[in-house]
Every structure is written in C-alpha cells, then in structure tokens.
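All chains are named by letter (A, B, ...) in the order of the sequence lines, taking the proteins before the strands, and each is independently numbered beginning at 1.
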Amino acid sequence: MKEKDGFSECPEQQVILYVEKEDGKYEAMQTGSFISANYLDDYFFKRNNLEKNLQSKIEKAEINAIEYYLVLEDLTVSELAARAGIMKWVVRKHLKPGNFSKIRDDAMKKYSNVFNVPVEEIIKRQSGNRK
Amino acid sequence: MIIGNYHHKMAAHCESGSITSLLNHAGMKITEPMVFGISSGIFFAYFHKMKSFAFPTFIVRNKPGQMRKNLEKRTGVKFYSKDFKTPEAGQTALDLLISKGVPTAVQVDMFYLDYVPSWERVHINVHFLVVIGKEGDVYKVSDSYFPNPVDLPVSSMNKARFAQGSMSPKGFIFYPEFVPRSFDYEKAIRRGIKKACFYMLNLPIPFLGIKGIRMFAKKINDWPSLARDTEHLSHEVMKINILLEDQGTGGAGFRFMYATFLQQASEIIGNPGLKDMARELMEIGDGWRELSLFAARIGKNRDLGPEKFRQLSTLLYGRADKEEEFFKRLSKTIK
C-alpha cells in the first residue's frame, strides 16, 4: 500500500500501518484508524439499538440483566462462567429471567467484577429504574 | 517513579511492539517487523465454533507468547517471565521491578484499561503493554496502540492482569534479562521464514494456515444464519475490517508488516529474491485491504444479501490461492 492510500483522519484513534514510501522503502506510518474515521457513528447507532432492544427484553421478562451484559460484552456462557468462577450450569440457571432475584450476593459481586459494572447498576438495570 | 530514559513508541502490534521497545531499551537495535518476522508471527486461523467466542472469528498472527519464545530460540535473547497466583503477589513483583528501574511488559485483558476508548474495549486477555513507572496509586504505561504514555490506576491494572477466562493472563510479566551483543541474523531470518511457511502451508488441521483461509471462505456464507439480526450481522462483518486493519496488525492482517520484514531481511542477508517476495506480499496485502474495505462498506450499508457473502467468499478464496503460491515460493527462495 502506498503511503497516500493509508492516510485517515482520526485523532481519537491512531494506528501504525506499514506502507510503501515514495523511495520504495516499506516503513511505519502513524495515521488515523480507517474504520473509526468513517464508521464510528454507525457503531454507536447499532450499540444504542442493541442496548434499547435488550432493555426492552428485560422489561418483557424475556431476559434478565445478567444476559443484558453478557450480550453487550460479547461473552459466551462458558466464558462468563470461567471469568466469574461460577459453574456453567449455575450461570445458565442465573440467566433464566425469573431467577435474577435468587442470585446470591457473592455471585452478583463476581458478575459485577467481570462486567466492570457496579452491583447496584446491574440491579437497577433489572428493575428498569434506569433513565 | 518514572523510568526516565524509556522511549515510548507506537507500534503496529502490542506484543511485537512491547518486545521491540524492551529490546531497544536494553540496547538491542531491532525493528518491529524484524521481531515479527524472526519470530514467525504471520499466520491465519479461522474459528467457526469456539466456546469462548460468541461468533465465528479469525486470527492473523501466531499464538500469543509464541513471538517471545521464538525470538529467544533464534536470537539468543533471554526473557525473564513469570505468572502469579494472586493479584497481591503480582503487584508486589511488578512494583519491585519498577522501583529498580526495569520496564516490564504485562499481559492484560484490554476491557479493564480505563484509557482505552469505549468502542475499542473488548474482553481480550492477550493484550501486552509495558509498565514504565508508578506514582502513588497510578501506573505509567507505555501501550503501543497510543501515541503517548498513559496512566492506569493500580486497581484497574490488577483487574486487567488477573482477569479469568480463556487465555487468562495470571498476572504474567516479562522483560529481557539477557541481550546478546550480536546474533546470526541470516540464520535467525531463515529459521523464522521457514517456520512461517510451514505454519501457513503444512499444518494438517483444516482451520489453520491457508486451509484456514479456505475454511473461512466456505463458512462465511453461513454467517447470516448465525447472527441475531441484521445489525448484529453488520457488526460482525465490519469486524473483519477491524481484525485485519485496526486491531494492531500494521494493515492487511500483518501482511504489510511481514512484507516490510522481507524487504529489511533482503538487505541484511543480501538476498534480492526476498525483495521481490516483499513486493508480492505487499500486493497480496492490498487484496486483503480491498476485502476489508468491502466488508466495512456492505456492513455499513446493511447490504448483506447472499450475493455479497458470495463475493466476500470469492475474495477470500482469492487470498488463499495467492498466499499458497506465495509461501511455496518464499520457502524455495530461502532454501
């Protein structure tokens, strides 16, 4: 790739690309991320829709707040179980919409650590108290 | 305390960038593409169903940690490396090294790094950065993906270093403890290239190397049936662009960086054939970039009908054919 073809304007996210300079040498070039420069608005559009969609599913009792964050953070049940240190079958049980209130405090704390979201926020998410 | 003479530099990739920076700091003059090439960093693997991935994905480099190990074998560099059972032990060891003025690479889950913008934060346990200081409860960090050193609270660092799950870091640290005055570049380059060709061409596993690119080409037609909805499919298709261009590859899924390595290697060992191979790989990389731009475009336009997936598939088969031919000739060039 020629140097001129690699350039993107994106101060928020810089990357290094290896490009062909004018003298024919291949060297590193610091530039903006192409996808962030051109498609970040689309990422946030989809992200907002996903959040709304998942919140609406919580309200309809189709999922609970644990699954909300599981999907949002692109985790699988196996991965969440491994990260939280909770047996997979127990995670599956916790994911059932009606079982949210039965999740013990220690398990909730473990989920909170993995999701990097305070326990109170997960509970608020479940009860629909969020703005 | 900040390690004053540490020179922060952006790099294409976190692992090769951290290794290069640490070696440069220890007095070894070596470039990131040379580290990447000698350690046989170039690769391809497609994962259609994995317990740890919510959607099919692929990688374009060798296994995390392998670069460091291969480099040790081929250059004589020795890295001190250690993992830990508890965050307390991990923090104590790291703090001690920093207090002694030893810049230290750590393995982390990128999701817990506060300085990373929200759209880049994903649960990936194999991000590497170099800790270059500590003031109070804040580490000073040299992360190859950022133009300047950044701050990271101790609590976030511990979370990131001790995240669990697939390929969990276990507080892993490393730094060079021995750097040879010189090494046999020609031998190291030849071994690095031969192994890379072997990985790409000869692994008898259907999702690895060139076979992996072909499996990706075949299986991508199934993606629409695996997505939750159109926006999810669009997101996953656009991630092809991120994985090839953005997620620390130097462009075109490391193909541009490997081409740079071949050009540098050609000059070092006086093999003009490698220079031609470098040019060829740059052109192959242009094809990968064309593919990733196509993926971003159809994802954004939600133009995700079967015909577009067939086009993506054709482009991937094209890359597989080109790379198969390329690596066969590269292995002959280096004999």
Quick one: what part of [X] sits under 4.5 Å from any heavy atom of chain A, side chain, backbone, both or neither?
X: B:Arg279; answer: both
X: B:Glu267; answer: side chain
X: B:Ser144; answer: neither
X: B:Ser234; answer: both
X: B:Lys51; answer: both
X: B:Lys9; answer: neither
X: B:Phe53; answer: backbone
X: B:Ala278; answer: both
X: B:Ala11; answer: backbone
X: B:Gln263; answer: side chain

(Q) Under the criterion side chain to side chain contact (heavy atoms under 4.5 Å, CB included), I'd like the reasoning laid out for B:Glu231 against A:Phe45: C-alpha separation, chi angles, the key distance, then a yes or no. (A) CA-CA 10 Å; B:Glu231 288 192 357; A:Phe45 175 79; 3.4 Å; yes

With a 4.5 Å cut-off on heavy-atom pairs, point out which of A:Asn116, A:Leu50, A:Asn53, A:Leu70 contacts chain B the most.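 Top count of heavy-atom pairs under 4.5 Å with chain B: A:Asn116.
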
Max heavy-atom pair count under 4.5 Å with chain B, selected residue of A:Val15, A:Val114, A:Val77:
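Of the options given, most contacts go to A:Val114.
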
Assess the residue pair A:Glu12 and B:Trp119 against the criterion (side chain to side chain contact (heavy atoms under 4.5 Å, CB included)); give the C-alpha distance rounded to whole Å, side-chain angles, the decisive distance to 0.1 Å, and a yes or no.
CA-CA 11 Å; A:Glu12 302 86 3; B:Trp119 65 90; 4.0 Å; yes

Heavy-atom distance under 4.5 Å between the side chains of [X] and [Y], does that happen here?
X: A:Ile35; Y: B:Glu245; result: no
X: B:Lys159; Y: A:Asn113; result: yes
X: B:Pro117; Y: A:Gln13; result: no
X: A:Tyr26; Y: B:Met282; result: yes
X: B:Asn241; Y: A:Phe34; result: yes
X: A:Asp41; Y: B:Lys300; result: yes

- request: Examine whether an atom of A:Leu80 lies under 4.5 Å from a heavy atom of chain B, and if so say whether it belongs to the side chain, the backbone or both; otherwise answer neither.
  value: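 The answer is neither part of A:Leu80.
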
Is A:Lys88 in contact with chain B via its backbone, its side chain, both, or neither, using a 4.5 Å heavy-atom distance?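 Contact with chain B involves the side chain of A:Lys88 alone.
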
Item to check | Step-by-step salt bridge (charged side-chain N to carboxylate O under 4.0 Å, His left out) determination, A:Asp74 to B:Arg121 | outcome: CA-CA 11 Å; A:Asp74 221 9; B:Arg121 281 210 212 172; over 6 Å; no

- What are the two closest non-hydrogen atoms of B:Asp246 and A:Ser36, and how far apart are they?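 Smallest heavy-atom distance, with atoms named: OD2-OG, 4.2 Å.
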
Highest number of heavy-atom pairs under 4.5 Å with chain A: which of B:Arg228, B:Glu283, B:His232, B:Arg255?
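Sorted descending by pairs with chain A, the first entry is B:Arg228.
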
Exercise for the section: Walk me through it: do A:Arg83 and B:Asp109 pass the test salt bridge (charged side-chain N to carboxylate O under 4.0 Å, His left out)? Expected result: CA-CA 11 Å; A:Arg83 283 174 175 268; B:Asp109 178 356; 2.8 Å; yes

Under 4.0 Å between a Lys/Arg side-chain N and an Asp/Glu carboxylate O for A:Asp42 and B:Arg302?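 Salt bridge present between A:Asp42 and B:Arg302.
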
So, B:Glu32 versus A:Tyr18: side-chain donor-acceptor pair below 3.5 Å or not?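 Yes, side-chain donor-acceptor contact under 3.5 Å.
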
A:Glu73 and B:His123: side chain donor to acceptor below 3.5 Å: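 Side-chain D/A pair, A:Glu73 to B:His123: present.
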
Approximate separation, where rounding is to 0.5 Å, of A:Tyr43 OH and B:Glu120 CD |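 Output value for this atom pair is 10.0 Å.
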
